[in-house]
There are 2 protein chains.
Amino acid sequence: MDSKIATIQDVARVAGVSTATVSRTISKPDVVAKATREAVLSAVAETGYRVNTTASNLRRQRTGTVLVLLPNIANPFFSQILAGLASVLTPAEYSMLIADTQTGPDADQRLTHYLTSGQADGLVVLDGTLSPETLSGPLVPPAVLVCEWMGSTLPSVRVENARGAALAVNHLADLGHRKIGHVTGPPGNVLTETRRDGFCRALADRGLPVHDDWILEGDFTMDSGAAAARAWCHLEDRPTALFLSSDEMAIGCMGALQSRGIRVPEDVSIVGFDNIEIAQHLSPGLTTIRQPRTDIGVRAAEILMDMIASKTKDGQSEIITVHLIPRGSTGPAPE
Amino acid sequence: MDSKIATIQDVARVAGVSTATVSRTISKPDVVAKATREAVLSAVAETGYRVNTTASNLRRQRTGTVLVLLPNIANPFFSQILAGLASVLTPAEYSMLIADTQTGPDADQRLTHYLTSGQADGLVVLDGTLSPETLSGPLVPPAVLVCEWMGSTLPSVRVENARGAALAVNHLADLGHRKIGHVTGPPGNVLTETRRDGFCRALADRGLPVHDDWILEGDFTMDSGAAAARAWCHLEDRPTALFLSSDEMAIGCMGALQSRGIRVPEDVSIVGFDNIEIAQHLSPGLTTIRQPRTDIGVRAAEILMDMIASKTKDGQSEIITVHLIPRGSTGPAPE
DNA sequence: GGCTGCCATGTAAACGATTTCATCGTCGCC
DNA sequence: GGCGACGATGAAATCGTTTACATGGCAGCC
């Protein structure tokens, strides 16, 4: 009937040792004598003892929490990175505190509050719109940036965004397209900038025209992809291929085009970016740039764990390779 | 150069009061005199004091953590529930610990460990395959089940799964379909059972045949939807309409059908379940049963907060209404 | 045999808050 | 004017660990 959970004191009493020995048995078993160790372990089993993480964290001056900042938790792209993060953090006894940076206008203030409140031992930033200054205060814990860098010196796991865009352009150019358009992410976002730059540079490299009217603004959502499709329809001189800065937008765009009777890829070829799971299940399948999302999360978590362990704010950076996945949404340029 | 964070002691010293008064000023401002309160608050501002959550939690015998059990974090359906949960939990100073119940074979054991380790003040269960016994040990904190019930007496936020299935069937029957098939979720999952039962009952109510060959087994993933499409192709006597137990499966199925040249809805009508965002962006749009995912999360979190506040394991339950969203993937039965 | 040194363990002081209980005024009332 | 009550504050215990330091015993060595 002891609904109370056993404490280290109880274990110590049962095993006939001091709490120090119990603690040592659990954290560094090799420093206690074999006999004592066994006595303690059986006392642990008998009492059903579990270490109280809160107390442990307090004493060890850590929080056991990693704060993950992301713009939109409902985006499947992010959730898969989360899965990667979790697979490393959970075994390391860290829990993820997920903060949606998009909710509400006071987001920036709430954020600073969060960052400096000592609620987290580390930070994983998935939001490309956060300012480097916000992230480099003295009170801000070690941080790893994911998928972006913005000239900051913080360690990061980045994806070859520019090269990804170039892969898309080259693929389309190889298929004979000469009029290639682009739908960007939201302005100010690093992903947006790099992919757009990579796109423009690749066009130039292939000697293809960069046409301002063909660069449409989106915001990574399906809705904005659909809007881009409508905008495309209203263009006088329409590109025969579109490279969209995210799969979500590409899906929204493709759906909107198809429901207007425009054929993909016969009338227009579509390339996305991300390779989210659904891309292969569409008809036609979506040609896209693959980013290994789980790996990204895993590497980010590993780097962060290293930083926390070595108590530094500097860490390694890593660049993750992207690949073109050709599918049915791209085809030869129409006449 | 005091990179150290201020403690309540520092504030007390600066304000010339005791730590007790500082603590009171912050947690129940009305019991301290106005003058003292102001002195304390300005000392707080001056020192940049933030309460140390870990210490506070330890003293107050809480963890400040809610454990969320879900089968697959990458599923967009769940992430939106998470968003709803977060919107309630974060303001209440709770953080979410997300545990993927699917990873690894020792999942069940790890789970029990988690549940009883006192790591969480509450539990939100999104996984329909967990056994009620696992969730009702004396050491398990207050729990709310989401989207399921399995005869358990635990409080829950459930969705009208059976009625949703009936809505789908009636919609198809109204369109003249008499041969209606179903793709289920994974066996043993409560959602699977209830939706299948609702499906069968609705067929019977409309006087339509229940044909075992037309009930295909899936597991809620796109891949299994695609597999169902292939299975459908191999049927001798093919249903003219399919109700799939999740949108993901419906998408996988529709994509696979279309890429085989089978037209939706001319050759076969498709109904999903969930109304995930992408459903409206497909071409044709996916007819589906809408569950208000964010609301579900919000209500579950609210109920849990109530339970924690009143220190009980019993809470209210709530049933969330579903709606049919007709889109282009359903049409009149072919001749 | 006595000294050095190491190994295993215990003692007790943190960690930073909350909260009970005691104390000290001050006010009101008879 | 004295007594009771109440309102505001402080002192100190407590939450459950971890860990620096002290202690005691035993082996090894001259």
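The sequence lines fix the lettering, A, B, ..., with proteins before strands; numbering per chain opens at 1.
Counting to the nearest Å, the P atom of C/dT18 and the NZ atom of B/Lys28 are 9 Å from each other. With rounding to whole Å, B/Asn52 atom CG is found 17 Å from C/dA14 atom P. Summarising the geometry, the separation between CD1 on B/Ile26 and P on C/dG16 is reported as 15 Å, rounded to the nearest angstrom. Separating the CZ atom of A/Arg24 from the C1' atom of C/dA8 is a distance of 8 Å, rounded to the nearest angstrom. Atom C1' of nucleotide D/dT19 and atom CZ of A/Arg60 are separated by 12 Å, given to the nearest angstrom. Nucleotide C/dT18 holds its P atom 12 Å from the CD atom of B/Gln9, rounded to whole Å. One atom, CZ of B/Arg13, and another, C1' of D/dA11, lie 17 Å apart when rounded to the nearest Å. Between B/Asn57 atom CG and D/dT14 atom C1' the separation is 15 Å, expressed in whole Å.
The side chain of A/Leu58 has C/dC15 as its nearest neighbour among C/dC15, D/dT17, D/dT18. Here the side chain of A/Gln61 is nearest to one of C/dC15, D/dT19, D/dT9, namely C/dC15. Minimum atom distance to the side chain of A/Ser56 is reached by D/dT18, of the listed C/dA17, D/dT18, D/dT9. Distance from the side chain of B/Thr36 is smallest for D/dT9 among the nucleotides D/dT9, D/dG16, C/dT19.
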Please evaluate residues A/Asn57 and A/Thr63 with respect to the criterion side-chain hydrogen bond (donor to acceptor under 3.5 Å, both in side chains), reporting the C-alpha separation (whole Å), side-chain torsions for both, the decisive distance (0.1 Å), and the verdict.
CA-CA 6 Å; A/Asn57 284 341; A/Thr63 65; over 6 Å; no

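Distances shorter than 4.0 Å separate none of the side-chain N or O atoms of A/Thr21 from OP1 or OP2 on C/dT9. B/Tyr49 has no side-chain polar atom (N or O) that falls below the 4.0 Å cut-off from OP1 or OP2 of C/dG16.
Judged purely by atom type and a 3.5 angstrom limit, A/Arg37 uses its side chain to pair as donor or acceptor with the backbone of A/Pro29. The main-chain N or O of A/Ser156 is found under 3.5 Å from a side-chain atom of A/Ser317 such that the two form a donor-acceptor pair.
Separation of atoms CE (A/Met307) and CD (A/Gln316) is listed at 9.5 Å; rounding is to 0.5 Å.
The cationic group of B/Arg293 does not satisfy the cation-pi geometry with B/Phe78, failing either the under 6.0 Å distance to the six-membered ring centre or the 45° limit from the ring axis.
A donor N or O paired with an acceptor N or O is not found under 3.5 Å between the base of D/dG16 and the side-chain atoms of A/Arg50.
Between A/Arg59 and B/Asp30, the one whose closest nucleotide on DNA chain D sits nearer the 5' end is B/Asp30. The nearest heavy atom of DNA chain D to A/Val51 and to B/Ser18 marks one nucleotide each, and the one closer to the 5' end goes with B/Ser18.
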